[in-house]
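Let me begin by presenting the structure, written as C-alpha cells, before commenting on it.
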Amino acid sequence: MAPSPSGRLNRIGNVYFGRGQYAEAFSCYQKALEYDRKAADTAELIATLGNLGNICGVSGQREQADTYYREVLSLQKRLGDEGGIGATLVNLGNLRADVGEWDRARAYYLEARDILDRLHDDAALAILHSDLGLVARETGAFDDALREYDRSLQLMRRIGNQPGVADVYRMMARTYATRQMWEEAASCVQTSLEIAQRLGDDLRLAGAMYVLAGVREQQGRIDDAIKLFERVVQYDRQYQLPKLQENMQRLAALHERQSRAITPAHPEAAITPPRPKPAEADFPSHGPASVPDFPGSLKGDTEQA
C-alpha cells in the first residue's frame with residue numbers, strides 16, 4: 001500500500017530532522033498537517049502534531065511545542081492510547097525541564113511513570129527514571145537523583161540499551177561533581193567513556209571527555225584536562241557542533257592557567273601549584289557543552305551535541 005501524502009512528508013521531515021535541518025523538517029511537517037486536517041485521519045494527525053512539537057521543542061519554540069503536544073494528548077485520550085499518553089506527558093515534562101521549571105517537569109514525569117509502570121514499558125521507563133534523576137539533581141535531592149539513575153541503569157541493562165547505560169553513567173558523574181566527589185565522578189564518567197569507545201559513538205565519547213575534563217580541572221590536573229579538551233574540540237570541528245567556539249575559549253583558558261602555573265613571576269620565585277577552583281566556578285551541573293544531558297525522549301536517546 002502506497003504511503004499517504006502525510007506519511008511521505010513526515011518521513012522526509014524526519015530525515016531532515018535527523019540531519020539538524022530544522023527549517024526544512026518544519027516545512028514538511030506543516031505540509032503534512034494540511035493533509036491531515038482535511039483527511040481527518042487521527043493517527044496521522046497525532047504523528048504529525050508530535051513531530052511538530054518535537055521540532056519546535058528543539059528549536060526553542062517551547063510554547064508552540066506545548067500547544068502541539070497538548071493537542072496530541074487530547075487526541076490520545078479520546079482514543080484511549082495509554083502508551084501515547086505517557087510519551088506525550090514526558091514530552092511536556094521535557095519542555096518544562098528545558099527552562100528549569102523543575103516542579104512542573106516532575107509532575108508530568110510522575111504522571112507518565114504511573115501509566116508506564118502499568119504498561120511495563122521498560123524502554124520508556126529507563127529514560128523516564130533518568131529524567132527524574134535530572135530533576136532531583138537540579139533541585140538538590142542528591143540521594144534521590146542517584147536512586148533514580150540506579151533504577152534507570154537497571155532497566156537500560158535489562159533491555160540491552162548500551163548507549164543509554166553510557167548516558168546514565170555520565171549523568172551520575174555530573175551528580176557526584178555537584179557534591180565535589182571527584183573520585184566517584186571520575187569513576188562513573190570513565191565507565192561512560194569506555195562504553196562509548198566500544199560502541200564507536202563519537203558524540204557520546206566527546207560528552208564523556210567533556211565531563212572528565214571538568215573533573216580533572218577541579219582536581220588540579222590541568223595537563224590531563226587540556227588533553228581531554230583538545231579531543232573534545234576535535235570532535236566539535238569534525239561534527240560542526242554548536243559549542244565549538246565556547247569549548248575553544250575554555251581550552252585557551254586552561255592553557256593560560258597552565259602557563260601561569262609553570263612560569264614564576266620572578267626568576268627566583270618558587271612555582272606554586274594552582275589551587276583548584278570552587279566547583280561552582282567552572283563545572284555547571286546542567287548541560288555539558290558537547291553533549292548536554294537534557295532530559296531524554298521516549299522516542300529513544302535524543303541528546304544532541
Side-chain angles (χ1 to χ4, degrees), residues 83 86-87 89-196 204 207-208 211-212 214-215 218 279-280 283-288 291-303:
L89 287 169
V90 172
N91 285 334
L92 286 164
N94 291 347
L95 292 178
R96 304 280 64 88
D98 285 348
V99 292
E101 296 178 5
W102 303 115
D103 288 342
R104 292 184 67 189
R106 185 173 184 274
Y108 281 123
Y109 291 155
L110 291 178
E111 188 176 353
R113 188 189 65 184
D114 290 343
I115 294 171
L116 297 173
D117 274 337
R118 288 200 304 271
L119 298 175
H120 304 289
D121 189 340
D122 286 349
L125 285 165
I127 296 173
L128 180 55
H129 280 288
S130 72
D131 290 342
L132 285 165
L134 173 64
V135 171
R137 186 185 82 195
E138 293 301 317
T139 54
F142 177 78
D143 292 336
D144 288 345
L146 290 180
R147 276 193 291 270
E148 294 291 354
Y149 287 140
D150 185 63
R151 180 57 178 155
S152 179
L153 273 179
Q154 293 174 25
L155 293 168
M156 292 289 188
R157 289 182 175 128
R158 181 186 300 174
I159 63 177
N161 184 348
Q162 283 300 297
V165 171
D167 291 338
V168 175
Y169 270 115
R170 189 183 68 248
M171 290 187 280
M172 289 176 71
R174 295 182 66 81
T175 303
Y176 281 118
T178 63
R179 290 292 185 92
Q180 302 184 38
M181 299 171 68
W182 304 119
E183 291 304 322
E184 292 85 349
S187 177
C188 285
V189 75
Q190 285 279 15
T191 301
S192 177
L193 191 151
E194 290 165 7
I195 295 171
R204 283 187 169 83
V211 176
L212 184 57
V215 171
Q218 299 303 328
E280 295 79 4
F283 200 96
S285 65
H286 184 59
V291 184
D293 61 357
F294 289 161
S297 162
L298 294 185
K299 299 178 293 303
D301 189 338
T302 59
E303 291 190 306

Rounded at 0.5 Å granularity, tell me how far [atom1] in [X] sits from [atom2] in [Y].
X      : Y      : atom1 : atom2 : answer
Ser192 : Met172 : OG    : CE    : 11.0 Å
Asn94  : Leu128 : CG    : CG    : 9.0 Å
Asp144 : Thr175 : CG    : OG1   : 11.5 Å
Leu110 : Asp117 : CG    : CG    : 10.5 Å

Legend entry - Given Leu92, Asp131, Leu134, the one that forms side chain to side chain contact (heavy atoms under 4.5 Å, CB included) with Tyr109: Asp131
Inset, instruction - Decide, yes or no, whether a salt bridge links Asp150 with Arg147 under the criterion of side-chain N to carboxylate O below 4.0 Å. - result: no
Flag side-chain contact, heavy atom, 4.5 Å: [X] against [Y]:
X      : Y      : result
Gln154 : His129 : no
Ser130 : Glu148 : no
Ile127 : Met156 : yes
Tyr169 : Leu153 : yes
Arg137 : Arg174 : yes
Pro163 : Arg204 : yes
Arg118 : Ile115 : yes
Leu125 : Arg151 : no

Inset, instruction - List the steps and the verdict of side-chain contact (heavy atoms from CB on, under 4.5 Å) for Tyr149 and Leu132. - result: CA-CA 8 Å; Tyr149 287 140; Leu132 285 165; over 6 Å; no
Minimum heavy-atom distance [X]-[Y], with the two atoms named:
X      : Y      : result
Leu116 : Gly86  : CD2-CA, 4.4 Å
Ser152 : Ala126 : OG-O, 2.6 Å
Ala145 : Gly133 : CB-O, 3.5 Å
Ile195 : Gln162 : CG2-O, 3.6 Å
Ala185 : Val215 : CB-CG2, 4.0 Å
Val189 : Ala208 : CG2-O, 3.3 Å

Inset, instruction - Determine whether more than 12 heavy atoms belonging to other residues, nucleotides or ligands lie under 6.0 Å from atom CG of Asp114. - result: yes
Legend entry - CZ (Arg96) with more than 12 external heavy atoms under 6.0 Å: yes
Legend entry - Row check, Phe142 ring normal vs Arg179 NZ/CZ: under 6.0 Å, within 45°: yes
Inset, instruction - Say whether, by atom type as modelled, one donor and one acceptor occur between the side chain of Ser187 and the main chain of Glu183 under 3.5 angstrom. - result: no
